[in-house]
Novice: 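Pasting in a structure now, in structure tokens, and then I'll have a few things to ask.
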Amino acid sequence: MDVDRKRLSIVAAEGIHLHDETGEHVVKVKACTAEDADPADLVLLFTKAMHSRSAIASVAHLAKGSCCALTLQNGLCNAEAIAEVFSPANVLAGVTDWPADFAPPNGVAAHGTGHVWLGAFDPAGETTAQSAVELLNAAHMGAQHDPQVLAAIWEKAAFNAALNALSTILNLPVGGLDTPEGRSIAGAVIDETIAVAATKGIAMDRVRLLAKTDFALANHKAHKPSMLQDRQAGRPTEIDAINGEIVKAAKAAGIAAPVTSTLAALVRMGEPGRN
Ligand SMILES: NC(=O)C1=CN([C@@H]2O[C@H](COP(=O)(O)OP(=O)(O)OC[C@H]3O[C@@H](n4cnc5c(N)ncnc54)[C@H](OP(=O)(O)O)[C@@H]3O)[C@@H](O)[C@H]2O)C=CC1
Ligand SMILES: CC(C)(CO)C(=O)C(=O)O
């Protein structure tokens with residue numbers, strides 16, 4: 001499902017052209033707008049975070065019976081947006097580190113393999129979360145059920161608040177951040193986010209998060225984070241849903257998050273319409 005009718009008609013006619021390390025694959029799919037969508041077992045919300053509310057509202061007619069909705073988007077508050085439309089027991093949330101770029105008009109360029117970690121938004125949804133894991137693994141997505149998925153979502157937000165924001169400010173792919181300065185700024189954002197999450201009772205795993213950051217710096221050197229892709233295409237970024245939500249939570253808890261907040265301000269200064 002998409003909002004762009006021209007793109008939908010190309011995808012419907014020619015399929016999605018997926019380029020990965022094994023070559024090019026053409027995947028035929030039914031492509032349609034939300035109003036033409038058939039009843040579904042699982043809806044995956046994969047817009048940018050600022051479009052979550054409108055996208056999920058457009059599929060409200062699918063939120064019946066046991067139909068579930070899963071977000072693997074970056075940022076905080078996407079699952080909450082889904083839960084305004086779907087019953088909380090049918091909301092699944094998680095994160096992914098699969099790196100990919102949209103290759104217009106109907107292509108996707110994948111830059112290496114990745115994983116998915118997902119869990120239930122409400123304890124009543126844990127069995128459904130397991131079924132979603134099995135479904136994604138039938139498509140070799142490297143999915144795992146994570147009963148502490150809120151911590152994983154905050155860890156991903158910390159990762160993105162550091163690397164996506166820095167990469168966007170510097171106009172450099174991930175490999176360009178692999179300097180002592182880049183690592184030090186990323187480490188400060190990670191520590192600030194851990195402190196904010198702790199005030200909400202969320203225990204982030206600092207060692208795991210630093211290891212993921214190291215892995216990205218070493219292995220995803222050519223990847224342009226989605227925020228940088230948005231900036232280069234002249235689109236608004238997800239800065240409010242990532243750094244912005246961390247800073248908002250820090251303020252609510254009465255603690256400082258100066259590095260995360262400064263990166264947010266620098267990214268906002270370059271948003272479309274600001275200059
Ligand atoms: N790219 C990556 O490698 C990764 C991305 N993510 C996260 O995944 C999410 C999606 O990212 P990505 O795929 O890169 O984003 P893109 O911007 O490439 O794709 C989002 C698509 O959603 C469309 N869209 C906008 N509004 C609606 C709507 N109301 N209904 C249906 N479709 C809509 C957009 O259309 P239009 O272009 O016309 O606006 C666009 O085609 C983001 O949260 C991102 O941070 C997470 C991990 C990796
Ligand atoms: C690909 C990945 C995991 C790292 O940059 C990402 O989340 C993004 O690009 O937004």
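Residue numbers count from 1 along this sequence. Order of listing sets the numbers, starting from 1, for every ligand and every atom in it.
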Novice: Are the charged groups of D240 and K248 less than 4.0 angstrom apart, N to O?
Specialist: no
Novice: Quick check for students: name every N or O atom pair between ligand 2 and the protein closer than 3.5 Å, with distances.
Specialist:
from, atom 1, to, atom 2, distance (Å)
ligand 2, 7 (O), N74, ND2, 3.1
ligand 2, 7 (O), K156, NZ, 3.1
ligand 2, 7 (O), N160, ND2, 3.1
ligand 2, 9 (O), H223, NE2, 3.1
ligand 2, 9 (O), S226, N, 2.9
ligand 2, 10 (O), N74, ND2, 2.8
ligand 2, 10 (O), N164, ND2, 3.0
ligand 2, 10 (O), S226, OG, 2.5

Novice: Mind telling me whether H223 and H111 have parallel, tilted or perpendicular rings, with 30° and 60° as the class edges?
Specialist: tilted
Novice: Using a strict threshold of under 4.0 Å (side-chain N to carboxylate O), is an ion pair present between E271 and R231?
Specialist: yes
Novice: Is a salt bridge present between D178 and K221, judged by a nitrogen-to-oxygen distance below 4.0 Å?
Specialist: yes
Novice: Check each N or O atom of ligand 1 against all protein N or O atoms and list the pairs under 3.5 Å, with atom names and distances to 0.1 Å, one per line.
Specialist:
from, atom 1, to, atom 2, distance (Å)
ligand 1, 1 (N), A100, O, 2.9
ligand 1, 3 (O), A100, N, 2.9
ligand 1, 3 (O), A100, O, 3.1
ligand 1, 15 (O), K48, NZ, 3.2
ligand 1, 17 (O), K48, NZ, 3.0
ligand 1, 35 (O), R7, NH2, 2.9
ligand 1, 37 (O), R7, NH2, 3.3
ligand 1, 38 (O), R7, NH2, 3.0
ligand 1, 41 (O), D2, OD2, 3.3
ligand 1, 41 (O), R7, NH2, 3.0
ligand 1, 43 (O), N74, N, 3.1
ligand 1, 43 (O), E238, OE2, 2.7
ligand 1, 45 (O), N74, ND2, 2.7
ligand 1, 45 (O), S226, OG, 3.4
ligand 1, 45 (O), E238, OE1, 2.5

Novice: Does T71 reach the main-chain N or O of A79 with its side chain, forming a donor-acceptor pair under 3.5 Å?
Specialist: no
Novice: For the backbone of L172 and the side chain of K224, can you confirm whether one donor and one acceptor N or O come within less than 3.5 Å of each other?
Specialist: no
Novice: Can you tell whether the side chains of K48 and D230 come within less than 4.0 Å, N to carboxylate O?
Specialist: yes
Novice: Is D191 paired with R206 through a side-chain N to carboxylate O contact shorter than 4.0 Å?
Specialist: yes
Novice: With a 4.0 Å cut-off, would you call E245 and K251 a salt bridge?
Specialist: no
